[in-house]
> 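Sharing a structure with you now.
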Amino acid sequence: MTAPSLSPAVQDAVQPAVHLRNLSMVFRGTGGDTVALQDANLDIAHGEFVSLIGPSGCGKTTLLRLMADLITPTSGELLVGGQTPAQARQARAYGYVFQAPALLEWRTVLNNVLLPLDVMNTPKAQRQDRAHEMLRLVGLEGFAGRYPWQLSGGMQQRVSIARALAFDPGLLLMDEPFGALDEITREHLNGELLRLWQETGKTVVFVTHGIGEAVFLSTRVVVMTARPGKIEGVVDIDLPYPRNLETRETPRFFELATQVRELLRRGHGFDGAG
């Protein structure tokens with residue numbers, strides 16, 4: 001007797017949002033090979049907020065680009081929602097927020113958010129409603145008619161997030177989106193991002209160099225080693241919600257930040273002796 005097949009909805013529920021098994025990426029070059037990622041193993045559940053942290057060149061962005069089907073792994077298994085990255089891209093299963101907002105200067109804020117919906121040929125009335133809804137979500141409804149050059153860096157990045165959410169992807173890939181911002185703006189947008197994550201229920205994979213940012217935002221922090229990039233360890237973040245500026249002053253926050261820091265030092269090859 002054969003087992004009954006699962007419905008697509010049930011399959012989605014049991015499949016992790018992201019699945020890595022022995023994933024490796026080697027860049028070939030005339031000067032020799034560069035191992036950017038080696039034997040990475042990780043499962044990310046639906047609705048998680050997972051941060052990737054590690055030294056420059058450890059493979060954090062490479063891992064995000066692999067998930068987004070921008071590059072193809074050398075070996076190992078990678079599934080996004082139970083699909084190959086290529087299938088996930090065709091299904092528009094993820095949105096990608098880059099380090100720089102990458103907005104089109106000649107398009108208004110509203111038209112930048114509309115861009116993916118235009119490409120997808122979404123019915124015009126639905127496009128407008130969805131774009132305005134996303135601008136409300138990121139607190140920029142009153143700026144629909146402005147141009148990117150009329151906005152601050154933080155506001156531009158919020159437009160970029162609204163654009164990535166416009167077609168309602170289940171997975172949001174974020175490559176150090178607040179890295180170029182000042183500390184106060186960055187802390188404010190961290191709070192806004194947590195609010196968006198809780199309101200939308202998206203799965204978020206977030207690249208950062210900031211220990212405090214990773215601990216504040218995440219359900220788990222994945223710590224990577226210096227090249228060749230490996231996963232040194234994973235820290236579960238059990239801070240309660242809602243999180244705010246006071247969260248950063250709690251003893252538990254400092255304990256978790258210390259755990260991440262110790263894994264980073266170990267991944268760098270430092271033994272703590274000086």
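Every value quoted in this text rests on a predicted model; they were computed, and no experiment measured them. All residue numbers refer to positions in the sequence shown, counting from 1.
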> Between the main-chain N or O of S24 and the side-chain N or O of Q38, is there a donor-acceptor pair closer than 3.5 Å?
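No, the answer is negative, given that no donor and acceptor are paired below the 3.5 Å cut-off.
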> Given side chains that start at C-beta, do those of R227 and T34 come closer than 4.5 Å, heavy atoms only?
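Yes, at least one pair of side-chain atoms sits under 4.5 Å.
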> Drop me the distance from L173's CG to F98's CZ, to the nearest 0.5 angstrom.
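With rounding to 0.5 Å, CG (L173) is 9.5 Å from CZ (F98).
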> Residues two or more places apart in sequence or in another chain: which of them pass salt bridge (charged side-chain N to carboxylate O under 4.0 Å, His left out) with E141?
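Only R136 meet the salt bridge (charged side-chain N to carboxylate O under 4.0 Å, His left out) criterion with E141.
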> Would you say Q99 and V207 make side-chain contact, with heavy atoms under 4.5 Å?
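A side-chain contact under 4.5 Å is absent here.
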> Does the pair R252/E255 count as a salt bridge with the N-to-O cut at 4.0 Å?
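Salt bridge present between R252 and E255.
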> Does the side chain of M224 come within less than 4.5 Å of P55's, by heavy atoms?
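When only atoms from C-beta onward are counted, M224 and P55 do not touch, as no gap falls below 4.5 Å.
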> If only atom types and distance count, is the side chain of K230 paired as donor or acceptor with the main-chain N or O of D39 below 3.5 Å?
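The answer is no, because no donor-acceptor pair under 3.5 Å joins these two groups.
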> CD of Q83 to CG of L78: how many Å apart, nearest 0.5 Å?
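Rounded to the nearest 0.5 Å, the CD-CG separation comes out at 11.5 Å.
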> State, with a plain yes or no, whether a side-chain heavy atom of V18 is found less than 4.5 Å away from one of L79.
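Of all side-chain heavy-atom pairs linking L79 with V18, none is under 4.5 Å.
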> Where do D118 and R107 land on the salt bridge (Lys or Arg N to Asp or Glu O under 4.0 Å) test, with the steps shown first?
CA-CA 13 Å; D118 292 342; R107 293 182 71 122; 3.0 Å; yes
> Hydrophobic cluster mates of W149, side-chain heavy atoms under 4.5 angstrom, ILVMFWY only, any path?
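In the cluster with W149 are Y147.
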> Answer whether the closest heavy-atom distance between the side chains of K124 and D129 falls below 4.5 Å.
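Of all side-chain heavy-atom pairs linking D129 with K124, none is under 4.5 Å.
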> For residues 187-202, run the donor-acceptor check on the side chains, cut-off 3.5 Å, and write out each pair with its distance to 0.1 Å, sequence neighbours left out.
unit_1	atom_1	unit_2	atom_2	d
N190	OD1	R248	NH2	3.1
N190	ND2	R186	O	3.4
N190	ND2	E213	OE2	3.0
E192	OE1	R195	NE	3.4
E192	OE1	R195	NH2	2.8
R195	NH1	L137	O	3.3
R195	NH1	E199	OE2	3.2
R195	NH2	L137	O	2.7
W197	NE1	G47	O	3.2
W197	NE1	K202	O	3.0
T200	OG1	L196	O	2.8
T200	OG1	K202	N	3.4
K202	NZ	D168	OD1	2.4
K202	NZ	P169	O	2.8

> With distance as the sole test, does T258 use its side chain to make a donor-acceptor pair with the main-chain N or O of R261 at under 3.5 Å?
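Between the backbone of R261 and the side chain of T258 there is no qualifying donor-acceptor contact (under 3.5 Å).
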> Do the non-hydrogen side-chain atoms of T72 and M25 ever get within less than 4.5 Å of each other?
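With C-beta onward as the side chain, the pair stays apart.
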> Under the criterion side chain to side chain contact (heavy atoms under 4.5 Å, CB included), which of L63, T74, I231, L20 is the partner of L37?
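Checked L63, T74, I231, L20 against L37; only one passes side chain to side chain contact (heavy atoms under 4.5 Å, CB included): L63.
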> Got a second to check how far L52's CG is from K60's NZ, nearest 0.5 Å?
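NZ of K60 is found 8.5 Å from CG of L52.
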